[in-house]
2 protein chains.
Amino acid sequence: MSIQPLIAHFERYIPLKETEEQLLEGRVTHRQIKRKQAILQEGFPCRHYTFVVEGCFRMYAVDKKGTEHNLQFSAEQDWIADIGSFHAGRPSALFIEAIEPAVVLQIEKQDLYFLYTNIPKLDRIFKVIVENKYVELQNRVLQSISSTAQERYLTFLDQYPKLALRLPNTQIASYLGITPEFLSKIRKDIAS
Amino acid sequence: MSIQPLIAHFERYIPLKETEEQLLEGRVTHRQIKRKQAILQEGFPCRHYTFVVEGCFRMYAVDKKGTEHNLQFSAEQDWIADIGSFHAGRPSALFIEAIEPAVVLQIEKQDLYFLYTNIPKLDRIFKVIVENKYVELQNRVLQSISSTAQERYLTFLDQYPKLALRLPNTQIASYLGITPEFLSKIRKDIAS
DNA sequence: GTCTGATCTTAATCTAGTTTAAGCCTATTT
DNA sequence: AAATAGGCTTAAACTAGATTAAGATCAGAC
């Protein structure tokens, strides 16, 4: 299986040379993930940057009461990793789990660092990728401190219309920070 | 006035060469900001990456009702900018304003891009800086979907003890996404 | 085919947090 | 010294959203 989707992803930012693509080839691992399979579990360090080729993942935390809270969804052409845990090598407080059967490309820490050193433009590419994800997250924080649950749900539908169709509502409720029951009520209110 | 604080900041990540420091020198602007002075206003593109040497800023949005919502505080040794607006050149939806008299170092877009090209390690440095800020924000999102206002306040005190002493409680309430009245109640409950 | 478990909904009750309004304190302006 | 304004608190009435519980629906496993 090829790493072509990843190369295409990088080249949306900066074109790569043939030699650079070959360096990548040797450092990227292809993997199939089953539905509900975890690729990161609380208590373990996050060992990979994971690029989603196909399928959909969620990143979540579990609180003292055992309730799960979805921090992030990642589908095709998106990255998912606990960045803090990955770089520090510290145990993660998060889980990452496939919501659908998935195909991913993964890079381990030592390999990523090798690639940063040998393909300097990757520093810039990832800088831009993280900047974009930062802006997304900032908008989410703004929503969370300024909007009602209904507004947040409508924004979610607007921003991720495809995801909204693929995900069970319980997962969406967890992402929005509300109970499934209240999301159900919101949906009823919107429909009428 | 010197750009030494900025150089020291960068060198916490990677040492710079003499020539690189000189390149920086020519592209960084030193500026004094008065209390309550805005360095970014809604409707205008964000023109600078701003590095805080002294003082404290808040970034906020204003909703339809006219209520302000604090997204971020930035004090000494921290950056503040609307990254999305800065890179896209689009009008910002945010304000950035000094809470205390401040001293800053600013870099304009064309200068930052010049520096990225001529000091390649800056790509890596800013990649790491944004990664760290991303992790911070992610923790905040997690808190906002999983914790009560009291827990969020206690975490804030724990994480930014100095900031908590410098800021009026109204600003902290706005950051936590609650009313000043409710923060007052929380403080009373904690004290007893 | 049916059993099991996950998903969705509705409704009653409860609680965290808002709104409104008032009063107090301190700092700054006149 | 008085006047104004921003920040902090208290309390009563209100509302967004949680909790509990029950029933309906649907999908995959056996």
Side-chain angles (χ1 to χ4, degrees), chain A residues 34-38 55-56 58 60 62-70 73 95 97-101 141 143-157 163-192, chain B residues 34-38 56 58 60 62-70 73 97-101 141 143-157 163-192:
Chain A
K34 290 177 200 152
R35 197 170 105 89
K36 300 211 173 177
Q37 186 179 341
C56 182
R58 69 188 178 110
Y60 64 96
V62 179
D63 66 23
K64 327 92 208 167
K65 292 182 190 164
T67 310
E68 299 177 0
H69 302 278
N70 287 338
F73 300 116
F95 296 80
E97 189 185 279
I99 296 181
E100 306 169 352
V141 170
Q143 277 252 324
S144 78
I145 62 176
S146 68
S147 303
T148 63
Q150 173 161 339
E151 289 166 336
R152 268 141 52 209
Y153 178 57
L154 290 172
T155 302
F156 178 79
L157 291 184
L163 220 46
L165 296 174
R166 289 163 76 173
L167 295 171
N169 286 328
T170 49
Q171 297 296 342
I172 296 175
S174 167
Y175 176 90
L176 296 174
I178 58 176
T179 57
E181 292 84 356
F182 191 55
L183 177 54
S184 187
K185 193 185 170 197
I186 289 173
R187 288 162 53 80
K188 189 183 165 193
D189 292 350
I190 290 172
S192 67
Chain B
K34 290 178 199 151
R35 195 171 107 91
K36 300 211 174 178
Q37 186 180 341
C56 182
R58 68 187 178 111
Y60 64 96
V62 179
D63 66 23
K64 326 95 210 165
K65 291 182 189 162
T67 310
E68 298 178 0
H69 302 277
N70 286 339
F73 299 116
E97 189 185 279
I99 297 182
E100 306 169 352
V141 171
Q143 277 252 325
S144 77
I145 62 175
S146 68
S147 303
T148 63
Q150 173 162 339
E151 289 166 336
R152 268 141 52 209
Y153 178 57
L154 290 172
T155 301
F156 177 80
L157 291 183
L163 219 47
L165 296 174
R166 288 164 77 173
L167 295 170
N169 285 330
T170 49
Q171 297 296 342
I172 296 175
S174 167
Y175 176 89
L176 296 174
I178 58 176
T179 57
E181 291 84 356
F182 192 54
L183 177 53
S184 186
K185 193 183 171 197
I186 289 172
R187 287 162 52 80
K188 189 183 166 194
D189 291 350
I190 291 172
S192 66

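From a predicted model like this one, the values you see are computed outputs, not experimental measurements. Throughout, a chain's letter reflects where its sequence line sits, starting with A, and its residues are numbered from 1.
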Degree of bending, the helix from dG1(C)-dC30(D) to dT30(C)-dA1(D) (end axes from five pairs; round to 10°): 40°
Main-chain N/O of E151(A) paired to T155(A) side chain as donor or acceptor, under 3.5 Å: yes
From S144(A) atom OG to Q143(B) atom CD, the distance as rounded to the nearest 0.5 Å: 11.0 Å
Shortest non-hydrogen separation from R166(A) to G55(A) and the atoms involved: NH2-O, 3.3 Å
Gap between atoms CD1 and P, on I145(B) and dA18(D) respectively (whole Å): 12 Å
Reported NZ-to-CG distance for the pair K185(A) and L183(A), which is rounded to 0.5 angstrom: 12.5 Å
Whole-Å distance separating the CD1 atom of I190(B) from the P atom of dT9(D): 11 Å
Shortest non-hydrogen separation from A164(B) to L157(B) and the atoms involved: CB-CD2, 3.6 Å
Nucleotide nearest K65(A) when distance is taken to its side chain, options dT19(D), dT19(C), dC8(D): dT19(D)
Distance in angstrom units between L176(B) CG and dT18(C) C1', rounded: 15 Å
L183(B) CG to dT10(D) P, straight-line distance once rounded to whole Å: 12 Å
Within 6.0 Å of CZ in R35(A), more than 12 heavy atoms from elsewhere: no
Sugar-phosphate only, base, or nothing, as touched by S184(B) at under 4.0 Å among non-hydrogen atoms: base
Side-chain heavy-atom pair Q171(B), F73(B) within 4.5 angstrom cut-off: yes
Selected nucleotide, minimal atom distance to R187(B) side chain, candidates dT19(C), dT9(D), dG7(D): dT9(D)
Nearest heavy-atom neighbours spanning K34(B) and A98(B): O-CB, 3.4 Å
For A149(B) against I186(B), the heavy-atom pair lying closest together: CB-CD1, 3.7 Å
Under-3.5 Å N/O pairs linking protein and nucleotides 21-30 of chain D:
none

Under-4.0 Å side-chain N/O to phosphate OP1/OP2 contact, N169(B) with dC8(D): yes
Shortest non-hydrogen contact between R58(A) and N70(A), atoms and distance: NH1-OD1, 2.8 Å
Value in whole Å for how far the C1' atom of dT10(D) lies from CG of D189(B): 12 Å
Check the interface with nucleotides 13-17 of chain C: list each N/O to N/O pair with the protein under 3.5 Å, or write none.
from	atom 1	to	atom 2	distance (Å)
dG17(C)	OP1	A149(B)	N	3.2

Within 6.0 angstrom of K64(B) NZ, more than 12 heavy atoms from elsewhere: yes
Interatomic distance where CG belongs to L167(B) and P belongs to dG6(D) [whole Å]: 18 Å
